[in-house]
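Just dropping this structure here.
Side-chain atoms are counted along with the backbone in the values below, which use heavy atoms only and exclude waters and symmetry mates. Everything quoted here is computed from the prediction, not taken from an experiment.
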Amino acid sequence: MFMTRSDVKVPERCRCSAFSVSGDHSLPTTASGRKFPLLALPLLGPFASISAMSHLPQSRNRLKKEQGTGMDFPEECCVLTDKNCPVLTGFGVRNKKLMGMKNIKVYAVGLYVDPKAAKNLLNSKQAGISAKSGIPEQAIFDDLVKSNDVEKSLRMVISFGGVNQKNFWSALQERLEPPMKKAGDVGPMQEFGALFDDIKFKKGLQLNFTSGKDGALITQVDNKQVGIVKSPLLTRTLFDVYLGRDPVSPGAKESIGRGLMNLAIDVNDV
């Protein structure tokens, strides 16, 4: 069912836009005081996906450009709190064949996570790294998807002007419905889909999906909350679409995986 604002305290706007701050944005240092370039870390080396990115957050006022679509993502996204906000771990492109056309870049998608909680999760699981890809093993992604202790948000920015409500929801429903049918609970699908009924899709439209502490799915459009669906199953299924074994954007998952590994690195120990 939908939850009212009296049920959960959620800011009216998701502060996922750039804002000006001052401070030292210099490179991190080792215990001896030596500057340590982030790009020197092994896990930050170049990798195959041209449209993917991973980084360690440095300042709160910067935008990161997803190269495949040219869409900008702020480094932080505050939804459940206005401080110690989740940070962008990585992003990539969702490609899809629409209306018989060749593969087009439908939207850019990125993942924000609470860095401290994510690091604790990674350390508690003694995160293994896949020898093939250099990113966390699938079990780590699965734990992140299931955990209600790690605040996380999926952010999508529409990059193709031909997307409308009907084909966007159809493509998303195609991935959400089978696992929810298997679990025997498709009711939340109707509630979730109804949130998009009055949305006018256009290039640059921003969609934000946040996992609440109780597993509820908080949906925002252009930084304005449009509804909350109280369904941990729906929330897990949505995040699994991007972080599961068969992600809709492999490049985004790879980028996110490298970003998660970076969160587990304490540069002062290097």
Side-chain angles (χ1 to χ4, degrees), residues 8-11 14-16 23 25 27-31 36 38 41-44 52-60 62 64 73-91 109-131 133-155 208-218 232-233 235-245 247 252-270:
V8 177
K9 293 183 178 180
V10 181
C14 168
R15 185 161 53 80
C16 293
H25 305 319
L27 293 171
T29 61
T30 64
F36 195 92
L38 291 177
L41 293 173
L43 291 172
L44 291 177
M53 174 280 293
S54 61
H55 72 289
L56 282 172
Q58 296 178 30
S59 67
R60 300 180 64 190
R62 296 182 181 179
K64 296 292 185 180
F73 284 69
E75 283 197 340
E76 293 188 348
C77 186
C78 301
V79 177
L80 302 182
T81 179
D82 59 358
K83 60 181 180 179
N84 300 321
C85 302
V87 299
L88 181 64
T89 58
F91 50 26
V109 57
L111 179 74
Y112 293 81
V113 300
D114 174 349
K116 184 176 180 179
K119 181 175 180 178
N120 289 340
L121 175 66
L122 290 164
N123 289 340
S124 68
K125 301 294 182 179
Q126 297 182 336
I129 304 175
S130 169
S133 62
I135 65 175
E137 295 176 346
Q138 184 58 45
I140 301 300
F141 286 108
D142 293 342
D143 286 338
L144 179 61
V145 167
K146 296 174 184 176
S147 176
N148 289 334
D149 295 326
V150 180
E151 183 183 344
K152 50 190 177 288
S153 294
L154 281 168
R155 184 173 179 82
N208 203 79
F209 306 101
T210 299
S211 174
K213 290 291 185 181
D214 57 356
L217 185 64
I218 303 164
L233 173 62
T235 302
R236 292 194 303 270
T237 304
L238 178 63
F239 279 84
D240 191 68
V241 168
Y242 299 90
L243 303 178
R245 296 180 183 277
K253 180 182 176 181
E254 181 177 353
S255 169
I256 291 165
R258 291 179 182 274
L260 290 173
M261 295 308 300
N262 294 338
L263 291 178
I265 296 174
D266 184 350
V267 294
N268 291 321
D269 291 336
V270 176

CG of Leu121 to NZ of Lys116, rounded to nearest 0.5 Å, is 14.5 Å
Identify the two heavy atoms, one from Asn148 and one from Gly215, that lie closest to each other, and give their separation to 0.1 Å.
OD1-CA, 3.6 Å
Considering non-hydrogen atoms only, spot the tightest contact between Pro115 and Cys85 and give its length.
CD-O, 4.0 Å
If I take atom CG from residue Asp149 and atom CG from residue Asp114, how far apart are they, to the nearest 0.5 angstrom?
10.0 Å
Can you tell me how far the CG atom of Leu263 sits from the NZ atom of Lys119, to the nearest 0.5 Å?
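It is 8.5 Å, given to the nearest 0.5 Å.
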Residues that Thr235 engages under side-chain contact (heavy atoms from CB on, under 4.5 Å), provided they are two or more places apart:
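Result, side-chain contact (heavy atoms from CB on, under 4.5 Å) vs Thr235: Ser211, Leu217, Phe239.
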Within this structure, what is the OH-CD distance for the pair Tyr112 and Glu76, rounded to the nearest 0.5 Å?
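Rounded to the nearest 0.5 Å, the OH-CD separation comes to 9.5 Å.
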Which atoms form the tightest heavy-atom contact between Leu154 and Tyr242, and what is the distance?
CD1-CD1, 3.6 Å
Check: Asp214 and Pro232 side chains under 4.5 Å, non-hydrogen atoms:
no
Starting at CD1 of Ile140, measure out to CG of Leu260 and round the result to the nearest 0.5 Å.
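Separation between the atoms: 9.5 Å.
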I'd like to know if the side chain of Ser147 reaches the main chain of Asp143, judged simply by a donor and an acceptor atom lying under 3.5 Å from each other, with no hydrogens or angles considered.
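No; judged by distance alone, with no hydrogens or angles, the pair does not exist.
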Run Leu238 and Phe209 through side-chain contact (heavy atoms from CB on, under 4.5 Å) and show every step you take.
CA-CA 9 Å; Leu238 178 63; Phe209 306 101; 3.8 Å; yes
Between the main-chain N or O of Arg236 and the side-chain N or O of Asp240, is there a donor-acceptor pair closer than 3.5 Å?
no
Decide side-chain contact (heavy atoms from CB on, under 4.5 Å) for Leu88 and Lys64; before the verdict, give the C-alpha distance in whole Å, the side-chain angles of both, and the deciding distance to 0.1 Å.
CA-CA 9 Å; Leu88 181 64; Lys64 296 292 185 180; 4.1 Å; yes
So which atom in Val113 and which in Ala118 form the shortest heavy-atom distance, rounded to 0.1 Å?
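Reported closest heavy-atom pair: CG2-CB, 3.9 Å.
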Under the rule for side-chain contact (heavy atoms from CB on, under 4.5 Å), what residues qualify as partners of Val241, not counting sequence neighbours?
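For Val241, the residues satisfying side-chain contact (heavy atoms from CB on, under 4.5 Å) (neighbours in sequence not counted) are Arg175, Leu176, Val248.
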For Pro136 and Gly257, work out which heavy atoms get closest and say how close.
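Of all heavy-atom pairs spanning Pro136 and Gly257, the closest is CD-O, 3.2 Å.
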Where the side chain of Lys152 meets the backbone of Leu111, is there a donor-acceptor pair that is under 3.5 Å apart?
no
How long is the gap from CD on Glu151 to CG on Leu80, to the nearest 0.5 Å?
4.0 Å
Test side-chain contact (heavy atoms from CB on, under 4.5 Å) applied to Lys253 - qualifying residues, sequence neighbours left out:
Gln138, Phe141, Pro247
Return the minimal non-hydrogen interatomic distance between Thr210 and Ser153, and the atom names on each side.
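Thr210 and Ser153 have their closest heavy atoms at OG1-OG, 2.6 Å.
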